[in-house]
Peer 1: 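Here it is: the structure, laid out below.
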Amino acid sequence: MNYDAITVTKQTGLYNKVLESDDGGIIEEFNAFNGEWLLNLVTANDNERKEKRGIICAYKYVNCLLAKSDITWVPLSIAEVIRVAGNLGLNMADSDLSRLAQGFKKGVISDDILFVGFKDQQIILLPVEVKTGKRQTHSKGVKQAQELKSYFESLLGQQTLAGHLYRGLFMRQVLMQIDKYKLYNVYENDYFDVIEDNSAYWLQGDYQLAELTDYPAGLLFVNVEDSYFAQAKFTLESNILKIEVPAACLSHWVKTPMQTLFAELTPAKLHHIDERYILNEKTTVNLLSEIHKVADSATKQQVEKQATVDLKEPNTSQNGETENKSSSEELQSNEHLKVLVGHVLSQNTPVYWEPTNTAKFMNTNSGIIGTMGTGKTQCTKSVVTQLYRNQHNNVDGKPIGILIFDYKSDYVDDKFLNATNGKSFNLDCLPYNPLSLFGNKPKLPVHTASAFATTMTKAFGLGPKQQTKLKNLILEAYQNVGIDRSDKTTWNIPAPTLSDLWDLYLEQEKVEQDSLYAALDSLVSFEVFEPCANKVKSLYDLVDGVTVIELAGYDTSIQNLVVALTLDLFYSQMQKQGKPEVLGDFRQVTKLVLVDEADNFMSQNFASLRKILKEGREYGVGVILSTQDITHFKTGENDYSSIS
């Protein structure tokens, strides 16, 4: 059967009944998107039907986000691309278009939706992964969307004869999909004219790939089935927009015709999504740089080769002690601290980062940028390992404390921790207290309470009244343990913990179960921080080597909050430290903070990160931010790339 099999059968009533049993749907829209689905729905189980309806819901919702733009979008069912490939004379399992042939031998990838946008002589690829079920982090879904985009951009971005062939074959698939949408009148009659009028050009494969400016690289659409989840939520994670919609809304999107939905394109009709995610009539795109891709590929090979050397077990002396030195193969300098980060391809000469050399680098703040699969994490691990191995070349040989925020459990494997003599902590009774007092500025408890309340407000979207209430509760908690905001002699008393703050919150005459309640409850219920005041220690003292805080497995809001509160505390303790040693052009490095996959955290604009970036140099402190795209360094409030 061809993909239009349902249109030539007399049993359309049967398929209408199947859809009606699931609260309705439109045969034409199901059949246009994926011609095999309705045939299978007759015998499918409940979960399979729910999955297919969820994808239809997602492709119609995302269509509405894109409909106003000056880009013509064609949504593709990835499952349909694979199935209909036979009509093009291709076998997706073993042809040149397969993932295996392109080097993607394992790992997750989305098989749901790929939106292909046409603007001028470029196309834009926007993947959509769809999930239906109970609410969870769905970190796998984020990776699936990223992988789908990476795969097709790698396949279609090649500037070779093979690349032209791939682009031409891909365009045949798109044009076949357009024929189906026109056959079933899903869009307005002239919607695809701009593509079909130039079909000869597109089929030649001369077009280029581009990316939307200031827009997510992909989307993760989640139909949330939890009964308590009644309001949509939108979160940007690793430049993938996660859209969580109550499953009760699914029927509306499936049953309402696409063109009817297009007539009601307002944030309110789209579950109150932020207007920046609804494309307008004037979109801007940036061409994907093929030169950058080639450089990324070469860098990946070089970094993986270097990382293989750097992550070897450290040398051990006869008495069993670890020797903190490296071999000549690691190209270390005996004069000052150097880190090998790569080679100039044309000359094969080494490139070093010299964090103590102020003649070359005025501060130690650094960014590590690389798209998915280019070896960014291996590069970062290599940098950390070399810093540890070569720290005796620091000014005065001072050991370097390195604090790593690990969002994906990339830095907690035994090989890395053994190579760096590192220690790791997960989010269970972290042995430091965000309410601890450090410093001697007037009314220090008020400053600390205000900073904590501000961070909580940003992380959980608290209102002004809740922020003030939280600050006053913290001041009351200080007072209860004997800390007086005006008496510096009391500031050495162990500060109250978050557990103490929670007990005080519950003792109120009226306890409102609002967002402040939910924010505090999430921290205390999981016991993210140590609840006993006598068991905590100074964060600065804790970071006496390579110290990893593992964040994986928690909701993004909790992850970012832990990083923000920890950096608040780090900043306050940093200011109590003395100035670093300076010998000529070389300034001592005392601590480094590494935030991996930093794009989501940077987008939250927490004040502590900017303060450490700006003031850290005075205390020998630097920040390393690792992310997938240079555009992540600029947010609505901050341009982190320009802070010095």
Peer 1: Determine whether Glu512 and Tyr517 satisfy the following criterion, side chain to side chain contact (heavy atoms under 4.5 Å, CB included), listing intermediate values before the conclusion.
Peer 2: CA-CA 7 Å; Glu512 296 181 1; Tyr517 178 97; over 6 Å; no

Peer 1: Might you point out which heavy atoms bring Lys376 and Thr627 nearest each other, and give the distance in Å?
Peer 2: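 Looking at all heavy atoms of both residues, the closest pair is CD-O, 3.1 Å.
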
Peer 1: Nearest heavy-atom pair of Val74 and Phe118: which atoms, and what distance?
Peer 2: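 Heavy atoms only, the tightest pair is CG2-CE1, 4.0 Å.
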
Peer 1: Looking at side-chain heavy atoms only, is the closest gap between Gln466 and Thr457 below 4.5 Å?
Peer 2: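 No, side chains not in contact.
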
Peer 1: Evaluate the criterion side-chain hydrogen bond (donor to acceptor under 3.5 Å, both in side chains) for residue pair Glu550 and Ser409; output intermediate values, then yes/no.
Peer 2: CA-CA 6 Å; Glu550 185 182 9; Ser409 299; 2.6 Å; yes

Peer 1: Given Glu225, which partner from the list Lys134, Lys50, Arg135 fulfils the side-chain hydrogen bond (donor to acceptor under 3.5 Å, both in side chains) test?
Peer 2: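 Testing each of Lys134, Lys50, Arg135 against Glu225, the sole residue satisfying side-chain hydrogen bond (donor to acceptor under 3.5 Å, both in side chains) is Lys50.
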
Peer 1: The test is ring-ring contact (aromatic ring centres under 6.0 Å, His included); show your working for Tyr191 and Tyr181 and say whether it passes.
Peer 2: CA-CA 10 Å; Tyr191 179 73; Tyr181 286 131; 9.1 Å; no

Peer 1: Step by step, would you call Ile243 with Leu220 a side chain to side chain contact (heavy atoms under 4.5 Å, CB included)?
Peer 2: CA-CA 6 Å; Ile243 302 170; Leu220 170 61; over 6 Å; no

Peer 1: The test is side chain to side chain contact (heavy atoms under 4.5 Å, CB included); show your working for Leu561 and Val528 and say whether it passes.
Peer 2: CA-CA 11 Å; Leu561 177 62; Val528 173; over 6 Å; no

Peer 1: Indicate yes or no: at least one non-hydrogen side-chain atom of Leu625 is less than 4.5 angstrom from one of Leu609.
Peer 2: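 They are in contact (side-chain heavy atoms under 4.5 Å apart), so the answer is yes.
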
Peer 1: Contact between Leu219 and Leu65 at the side-chain level, heavy atoms closer than 4.5 Å - yes or no?
Peer 2: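 Yes, at least one pair of side-chain atoms sits under 4.5 Å.
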
Peer 1: Can you name the one residue among Trp253, Tyr61, Tyr59 that meets ring-ring contact (aromatic ring centres under 6.0 Å, His included) with Phe221?
Peer 2: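 Exactly one option meets the ring-ring contact (aromatic ring centres under 6.0 Å, His included) with Phe221, and it is Tyr61.
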
Peer 1: Provide the closest heavy-atom pair for Ser110 versus Leu148 in the form atom of the first, atom of the second, distance.
Peer 2: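 That closest heavy-atom pairing would be O-CD1, 3.7 Å.
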
Peer 1: Would you say that more than 12 heavy atoms from the other residues, nucleotides or ligands in this model lie under 6.0 Å from the CG of Asp428, or not?
Peer 2: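 Above 12, so yes.
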
Peer 1: Glu237 and side-chain hydrogen bond (donor to acceptor under 3.5 Å, both in side chains): which single residue from Lys242, Gln559, His138 fits?
Peer 2: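 That would be Lys242.
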
Peer 1: So, do Leu265 and Lys269 sit near enough that their side-chain heavy atoms are less than 4.5 Å apart?
Peer 2: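 Contact flag for Leu265/Lys269 side chains = no.
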
Peer 1: Would you say Phe526 has more than 12 foreign heavy atoms packed within less than 6.0 Å of its CZ?
Peer 2: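 No, because the 6.0 Å sphere around CZ of Phe526 holds 12 heavy atoms or fewer from other groups.
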
Peer 1: In Å, rounded to the nearest 0.5 Å, how long is the span from CG of Leu183 to CD1 of Ile178?
Peer 2: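 Leu183 atom CG to Ile178 atom CD1 measures 13.5 Å (nearest 0.5 Å).
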
Peer 1: Are the side chain of Asp274 and the backbone N or O of Arg276 linked by a donor-acceptor pair below 3.5 Å?
Peer 2: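 Confirmed, Asp274 side chain pairs with Arg276 backbone.
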
Peer 1: Counting only heavy atoms from other residues, nucleotides and ligands, does the tally under 6.0 Å from CG of Asn189 exceed 12?
Peer 2: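 No, the 6.0 Å shell around CG holds no more than 12 heavy atoms from other groups.
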
Peer 1: Say you draw a straight line from OG of Ser154 to CD of Gln158; how long is it, rounded to the nearest 0.5 Å?
Peer 2: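 Ser154 atom OG to Gln158 atom CD measures 8.0 Å (nearest 0.5 Å).
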
Peer 1: Quick check: closest heavy atoms across Val130 and Ala58, and the distance to 0.1 Å?
Peer 2: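 Heavy-atom minimum between the residues: CG2-CB, 3.5 Å.
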
Peer 1: Does any part of the side chain of Val116, heavy atoms only, come nearer than 4.5 Å to the side chain of Leu76, both counted from C-beta?
Peer 2: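 Yes, side chains in contact.
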
Peer 1: Evaluate the criterion side chain to side chain contact (heavy atoms under 4.5 Å, CB included) for residue pair Gln208 and Gln121; output intermediate values, then yes/no.
Peer 2: CA-CA 7 Å; Gln208 294 179 288; Gln121 295 181 330; over 6 Å; no

Peer 1: Hey, are the side chains of Trp73 and Leu126 touching, using non-hydrogen atoms and a 4.5 Å cut-off?
Peer 2: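 Of all side-chain heavy-atom pairs linking Leu126 with Trp73, at least one is under 4.5 Å.
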
Peer 1: For Lys131 versus Gly141, what's the shortest heavy-atom pair and its separation?
Peer 2: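 It is CE-CA, 3.9 Å.
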
Peer 1: When you measure from the side chain of Asp226 to the backbone of Tyr228, do you find a donor-acceptor pair of N or O atoms at a distance under 3.5 Å?
Peer 2: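 It does not hold such a pair.
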
Peer 1: Is the side chain of Tyr207 donor-acceptor paired with the backbone N or O of Arg167 at a distance under 3.5 Å, no angle test?
Peer 2: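 Yes, Tyr207 side chain to Arg167 backbone: donor-acceptor pair under 3.5 Å.
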
Peer 1: To the closest 0.5 Å, what do you measure between CZ (Phe460) and CG (Asn560)?
Peer 2: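 The CG atom of Asn560 is 10.0 Å from CZ of Phe460, to the nearest 0.5 Å.
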
Peer 1: Check the surroundings of atom CD in Gln136: do more than 12 heavy atoms from other residues, nucleotides or ligands lie under 6.0 Å from it?
Peer 2: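 Yes, because the 6.0 Å sphere around CD of Gln136 holds more than 12 heavy atoms from other groups.
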
Peer 1: Under the 3.5 angstrom rule, does the side chain of Gln259 hit a backbone N or O of Tyr187 as a donor-acceptor pair?
Peer 2: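 Pair found, side chain donor or acceptor close to backbone of Tyr187.
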
Peer 1: Among Thr213, Ile124, Ile71, whose side-chain contact (heavy atoms from CB on, under 4.5 Å) with Thr283 holds?
Peer 2: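 Between Thr283 and the candidates, side-chain contact (heavy atoms from CB on, under 4.5 Å) is satisfied uniquely by Ile71.
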
Peer 1: Under 30°, 30 to 60°, or over 60°: which ring-plane class applies to Phe152 and Phe170, parallel, tilted or perpendicular?
Peer 2: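 Ring orientation, 0 to 90° scale: tilted.
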
Peer 1: Step by step, would you call Asn239 with Gln628 a side-chain hydrogen bond (donor to acceptor under 3.5 Å, both in side chains)?
Peer 2: CA-CA 9 Å; Asn239 205 28; Gln628 294 190 18; over 6 Å; no

Peer 1: How close do Ser69 and Leu279 get, heavy atom to heavy atom, and via which atoms?
Peer 2: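 Taking Ser69 first and Leu279 second, the nearest heavy atoms are CB-CB, 3.7 Å.
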
Peer 1: Spell out, as yes or no, whether a donor-acceptor pair under 3.5 Å connects the side chain of Tyr215 to the backbone of Tyr277.
Peer 2: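 It does hold such a pair.
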
Peer 1: When you measure from the side chain of Gln378 to the backbone N and O of Gly375, does any donor-acceptor pair fall under 3.5 Å?
Peer 2: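 Checked: no pair found.
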
Peer 1: How long is the span from the SG atom in Cys249 to the CD atom in Gln231, to the nearest 0.5 Å?
Peer 2: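 Taking SG in Cys249 and CD in Gln231, the distance rounds to 10.5 Å.
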
Peer 1: Does the Ser238 side chain pair with the main chain of Ile240, one donor and one acceptor, at a distance under 3.5 Å?
Peer 2: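 Checked: no pair found.
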
Peer 1: Can you tell if the side chain of Arg53 reaches within under 4.5 Å of the side chain of Ser251, non-hydrogen atoms only?
Peer 2: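 Yes, their side chains come closer than 4.5 Å.
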
Peer 1: Please answer whether the main-chain N or O of Asp521 pairs with a side-chain N or O of Ser525 as donor and acceptor at a distance below 3.5 Å.
Peer 2: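 Side chain of Ser525 to backbone of Asp521: a pair is present.
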
Peer 1: Taking Val254's backbone N and O only, do any of them form a donor-acceptor pair with Lys60's side chain (distance below 3.5 Å, no angle check)?
Peer 2: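 Between the backbone of Val254 and the side chain of Lys60 there is a qualifying donor-acceptor contact (under 3.5 Å).
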
Peer 1: Tell me whether Lys149 is salt-bridged to Glu153, with the criterion being a basic N under 4.0 Å from an acidic carboxylate O.
Peer 2: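 Result for this pair is yes, salt bridge flagged.
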
Peer 1: Nearest 0.5 Å, what's the OG1-OH distance between Thr380 and Tyr411?
Peer 2: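 One gets 4.0 Å once the value is rounded to the nearest 0.5 Å.
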
Peer 1: So do the side chains of Leu114 and Pro127 get within less than 4.5 Å of each other, counting heavy atoms only?
Peer 2: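 Sidechains of Pro127 and Leu114: in contact.
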
Peer 1: State the OG1-CG distance between Thr72 and Leu66, to the nearest 0.5 angstrom.
Peer 2: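 One finds 11.5 Å between OG1 of Thr72 and CG of Leu66.
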
